[in-house]
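To start, the structure itself, in structure tokens.
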Amino acid sequence: MNTLIVVFLLGIGATAAMDLWSILRKSLLGIAPPNYGMVGRWLAYMPHGKFRHDSIAASAPIKREHYIGWIAHYLIGIVFAAVLIAVAGKPWILNPTIGPALMVGVGTVVAPFLLMQPGMGAGIASSRTLKPNSARLHSLINHAVFGLGLWVGTKTLPLHTGMIRKRIKLRFRAA
């Protein structure tokens, strides 16, 4: 299978796993899922030269910020999947182990800690939030779930690609 397709599928799948975890976390622990609209707002201000906000929630809303945030969230997941394949190598796809996937997943927490959270006014590693240690722990867990999603996605890739091939064949036969 083409490596770009693998990267795309893994990025989408692992990001979806992270989102499912956020939904489960809300129902189990009462913790609200991330608001990707705020990420979209932050990103939408960048072309206007504003990269840092005292509080992104206090900044004026941007049209379609939720769409921007959600699309960025999944594109970033695809980029991080590409990082995994670059680090672990293409042979890892055929024989995936959990170590590299978890390492990359947990390692991706550096991006929100050092870029997104400071830019949105939360400080480095959520230092300006009400409960910084709790926010850090939840970020770490979310990114570990992303890493698990990368590994599980790769382990199940043959199953998914077989199903995709069957659907494509059925569509061509029907036409």
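Remember, it's a predicted structure, so these values are computed and weren't measured experimentally. The figures that follow rest on heavy atoms only: side chains count, while hydrogens, waters and symmetry mates do not. Along the sequence shown, residues carry numbers from 1.
Nearest heavy-atom pair across I62 and A44 is CG2-CB, 3.5 Å. Contact detail for H143 and P112: the closest heavy-atom pair is NE2-CG, 3.6 Å.
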List the atom pairs, donor and acceptor, that lie under 3.5 Å between side-chain atoms in residues 10-19 and the rest of the protein, sequence neighbours left out.
unit_1	atom_1	unit_2	atom_2	d
T15	OG1	G11	O	2.7
D19	OD1	H73	NE2	2.8
D19	OD2	H73	NE2	3.3
D19	OD2	Y74	OH	2.6

Listed pairs under 3.5 Å, donor-acceptor, residues 75-101 side chains, sequence neighbours left out:
unit_1	atom_1	unit_2	atom_2	d
W92	NE1	T97	O	3.2
W92	NE1	T97	OG1	3.4

Side-chain atoms of residues 25-32: list all donor-acceptor pairs with protein atoms under 3.5 Å, sequence neighbours left out, distances to 0.1 Å.
unit_1	atom_1	unit_2	atom_2	d
R25	NH2	A32	O	3.3
S27	OG	L24	O	2.9

Contacts table for residues 144-151: side-chain donor-acceptor under 3.5 angstrom, sequence neighbours left out:
none

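Heavy-atom neighbours of I124 CD1 from other residues, nucleotides or ligands within 6.0 Å: at or below the threshold of 12.
In this structure, OG in S126 is found 6.0 Å from CZ in F113, a value given to the nearest 0.5 Å.
Residues S59 and M38 are not in side-chain contact: their nearest non-hydrogen atoms beyond the backbone lie 4.5 Å or more apart.
Applying the side-chain contact (heavy atoms from CB on, under 4.5 Å) test between L9 and each of V6, I5, V7 identifies I5 as the sole match.
Placement of F8 and W70 within a single hydrophobic cluster is found when ILVMFWY residues are connected by side-chain heavy-atom separations under 4.5 Å, directly or transitively. Placement of F51 and M120 within a single hydrophobic cluster is found when ILVMFWY residues are connected by side-chain heavy-atom separations under 4.5 Å, directly or transitively.
Under the 6.0 Å cut-off for aromatic ring centres, H53 and Y45 qualify, their centroids lying closer than that.
Residues meeting the side chain to side chain donor-acceptor pair (under 3.5 Å) test with N35, sequence neighbours left out: none. Considering only residues two or more places apart in sequence or on other chains, R52 meets the salt bridge (charged side-chain N to carboxylate O under 4.0 Å, His left out) condition with D54.
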